Amino acid sequence: MEEIKFYYGENIPLELHKVRVVQKLHLVPIERRLKALEEGGFNTFRLTTKDVFLDMLTDSGTNAMSDNQIAAMMQADDAYAGSQSFFKLQKAVEDVLGKKYFLPVHQGRAAENILCHAYIRKGNLIPMNYHFTTTMAHITQYGGRVTELLYDEGFNVDSDYPFKGNMHIEKLEETIKTHGAENIPFIRVEASTNLIGGQPFSIQNLREVRAIADKYNIRLVLDASLLGENAYLIHLREEEFKNCSLGEIIKTMTDLADIVYFSARKLSSSRGGGICTNDHEIYRELEPLIPLFEGFLTYGGISVREIEAMAVGLYETLDETMIRQSPDFIAYLVKSLDDHGVPMVKPAGVLGAHVNAMEICKHIPQNEYPAGALAAALFLVSGIRGMERGTLSNQRDEDGNETLANMELVRLAVPRRVFTLSQIKYVVDRMTWLYENRELIGGLRFVYEPPVLRFFMGGLEPVSDWPQKLMAKFKADFGDSL
Ligand code: F0G
């Protein structure tokens, strides 16, 4: 992959696309932002976009679509059964992911529901590099448990280890020996491990996981939602693959898994999801669950227009100029914030820049949700909406106790080809100011706590009048600037 060098000035990521459709943004005054936080229970999920300036909540369903994707949507074949749009997608899955059997589902967590329904029985254990929120919720819903097997570097936000998403091979084998292979219906590996900062695994590691799966005859499931980005980082960081194309790297990864599933809200920059395999028996086991939970087998609960966009988007995953834009912008954002002393997860991962709230808000106890508080504070001082990824996103244990997260992060998502570099510079500016005023940030407590996936709709309040004090300092420093 070629580098574009600048002759004068700093090296900055260069956009290899042009913007042809735009959406106006609104930066509302800080008083309105405080009101919006109060109305939304200090939970960034509950803000509405009319109050949000830069929406860095997630890349899920928010990546910019290409002209070719939009064009394909216009030609969708509306049919309940046997739609031609489905066959295009099936071919794209085979061409890009190398799997011939494809089951469409309405989004990533629907794939998790199907897999857990088919394979998890009460008392089962699912080893994985790290959980994702919806994955954990489905596994526990069906009576299973999760065990996370990262190497220590994975949890160390300051380590520059290039493959923090690697699964701990010795611990994996120990776990299988202790719990018995018969209690482990599958091993799950997540590409670009989301909750530890979008950190990749190496193919070397995946091969080792595959060898263990073979030795004990356990299925290997790959969550491929962020597959393209993991492949890009393998290209940059794993010697054996430095001259390989994204397509070759992707196929090497998917070949090692028995089942590949994904959220198309991420992979393919569209909306939907899927499960694919080359194993006919697995296909037959999962097939009847699609009409039960999703829709007929040729649409799976997805609009046919999105199916067309998915097919084109999957092929575009092989285009390095598309895949590298977000990780390159993230690397720029992480470096700029790091240069200003803001504690960041390093090396820069994918999906977003991850701010280390455990360090920035070390004066806030974990049961007052330091990452949730930092996300709320950042919105207050900037209109930037990030996402808490820490204790608030965890679920309570069986006895109702808080489970304190290993990391307290605020994720600033950089969806593909959505933001400009000046917007990224604004993020650097406001986040740096907030870091310098971090002592003013206080904790949060629940006023409404839903029993499942509480971070989505939960309502919180500040433990003191810290938001007013932070607003006063903002006004003192910024005058009448928004
Ligand atoms: N797996 C991973 C690794 C994910 O990041 C997500 C979603 C899912 C599964 C579930 O997919 O949302 O289509 O049902 N991640 C989003 C995020 C929600 O913001 O990171 P879904």
Side-chain angles (χ1 to χ4, degrees), residues 43-47 55-63 103-116 126 128-139 141 146 148 150 164-165 167 186 188-201 221-231 233 253 257 259-275 293-294 300-303 306-307 309-310 313 326 330 345 349-354 371 375 385-390 392-393 407 409-416 418 452-457:
N43 177 350
T44 55
F45 276 100
R46 287 181 38 186
L47 295 167
D55 195 357
M56 306 183 97
L57 185 73
T58 177
D59 62 337
S60 174
T62 59
N63 296 294
L103 297 162
V105 294
H106 78 271
Q107 62 183 89
R109 71 199 67 183
E112 291 167 344
N113 180 46
I114 303 271
L115 292 172
C116 294
I126 311 296
M128 54 184 69
N129 45 357
Y130 205 69
H131 79 280
F132 184 68
T133 52
T134 57
T135 328
M136 168 90 95
H138 281 107
I139 290 171
Q141 193 81 2
V146 163
E148 291 160 328
L150 288 176
K164 289 181 172 181
M167 193 177 298
F186 58 86
R188 173 180 175 273
V189 282
E190 183 181 306
S192 309
T193 323
N194 189 333
L195 294 191
I196 59 162
Q199 300 290 325
F201 57 70
V221 173
L222 171 64
D223 179 340
S225 304
L226 288 162
L227 190 70
E229 283 76 4
N230 199 130
L233 294 185
M253 292 157 96
I259 301 175
V260 175
Y261 80 89
F262 57 92
S263 167
R265 301 176 64 83
K266 292 179 186 279
L267 183 70
S268 82
S269 305
S270 56
R271 290 140 207 99
I275 307 173
F293 289 117
E294 300 299 305
I302 317 170
S303 130
E306 294 289 346
I307 286 181
M310 264 170 86
S326 169
I330 292 164
V345 175
V350 309
L351 197 172
H354 293 76
R385 166 158 78 164
M387 186 192 286
E388 190 270 0
R389 297 278 72 163
L392 195 60
S393 295
M407 295 182 180
L409 306 179
V410 173
R411 184 181 82 181
L412 302 174
V414 181
R416 300 179 190 120
V418 169
V452 185
L453 296 171
R454 61 182 183 170
F455 57 92
F456 279 134
M457 291 312 289

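Values in this document were obtained by computation on a predicted structure and should not be read as measured data. Every number for a ligand or one of its atoms is a count from 1 in the order of the listing.
Residue Asn194 has at least one nitrogen or oxygen atom sitting less than 3.5 Å from a nitrogen or oxygen atom of ligand 1, judged on distance alone.
For ligand 1, the atoms sitting less than 4.0 Å from at least one non-hydrogen atom of Arg265 are 13 (O), numbered in the order shown with element in parentheses. Taking a cut-off of under 4.0 Å to the non-hydrogen atoms of Glu112, the atoms of ligand 1 that pass are 1 (N), 9 (C). Less than 4.0 angstrom separates some heavy atom of Met387 from each of these atoms of ligand 1: 19 (O). Of all atoms in ligand 1, listed by their number and element, those nearer than 4.0 Å to a heavy atom of Thr58 are 17 (C), 19 (O). Listed by number with element, the atoms of ligand 1 under 4.0 Å from a non-hydrogen atom of Glu190 are 3 (C). Each of the atoms 11 (O), 13 (O), 14 (O), 21 (P) of ligand 1 lies under 4.0 Å from some heavy atom of Gly108. Heavy-atom proximity to Asp223, at under 4.0 Å, picks out these atoms of ligand 1: 1 (N), 2 (C), 3 (C), 9 (C).
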| task | Let me see the working for Met253 and Phe201 under side-chain contact (heavy atoms from CB on, under 4.5 Å), right down to the final yes or no. | result | CA-CA 10 Å; Met253 292 157 96; Phe201 57 70; 3.8 Å; yes
| task | Dump the intermediate steps for side chain to side chain donor-acceptor pair (under 3.5 Å) on Thr134 and Glu112, then the final yes or no. | result | CA-CA 8 Å; Thr134 57; Glu112 291 167 344; 2.8 Å; yes
| task | Begin with the C-alpha distance, continue with both residues' side-chain angles, and end with the deciding distance and a verdict on side-chain contact (heavy atoms from CB on, under 4.5 Å) for Tyr130 and Glu190. | result | CA-CA 7 Å; Tyr130 205 69; Glu190 183 181 306; 5.8 Å; no
| query | Checking side-chain contact (heavy atoms from CB on, under 4.5 Å) for the pair Lys266/Asn194: CA distance, chi angles, key distance, verdict? | reply | CA-CA 12 Å; Lys266 292 179 186 279; Asn194 189 333; 4.1 Å; yes
| After noting the C-alpha distance and the side-chain angles of Thr62 and Leu57, does the key distance pass the side-chain contact (heavy atoms from CB on, under 4.5 Å) rule? | CA-CA 10 Å; Thr62 59; Leu57 185 73; over 6 Å; no
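Ala375 and Glu388 get closest at one heavy-atom pair: CB-N, 4.4 Å. Of all heavy-atom pairs between His354 and Gly198, the closest is CE1-N, 3.9 Å.
When heavy-atom distances to ligand 1 are checked against a 4.0 Å cut-off, Arg109 comes that close through both its backbone and its side chain. Neither the backbone nor the side chain of Arg271 has any atom closer than 4.0 Å to an atom of ligand 1 (non-hydrogen atoms only).
What sits closest to atom 15 (N) of ligand 1 on the protein, heavy atoms only, is Lys266 CE, 3.0 Å. Of the protein's heavy atoms, Ser263 OG, 2.6 Å lies nearest to atom 13 (O) of ligand 1. Given atom 10 (C) of ligand 1, the protein heavy atom at minimum distance is Thr134 OG1, 3.6 Å. Summary of contacts: the protein heavy atom closest to atom 6 (C) of ligand 1 is Phe132 CE2, 3.3 Å.
When atom types are taken as modelled, the side chain of Arg389 and the backbone of Ile196 share no donor-acceptor pair closer than 3.5 angstrom. Remark: the backbone N or O of Gly352 is not paired with any side-chain donor or acceptor of Arg411 at under 3.5 angstrom.
Phe45 and Phe455 have tilted rings, their planes meeting at an angle from 30° to 60° on a 0 to 90° scale.
Residue-ligand proximity: Gly273 is placed with every non-hydrogen atom at 4.0 Å or more from ligand 1.
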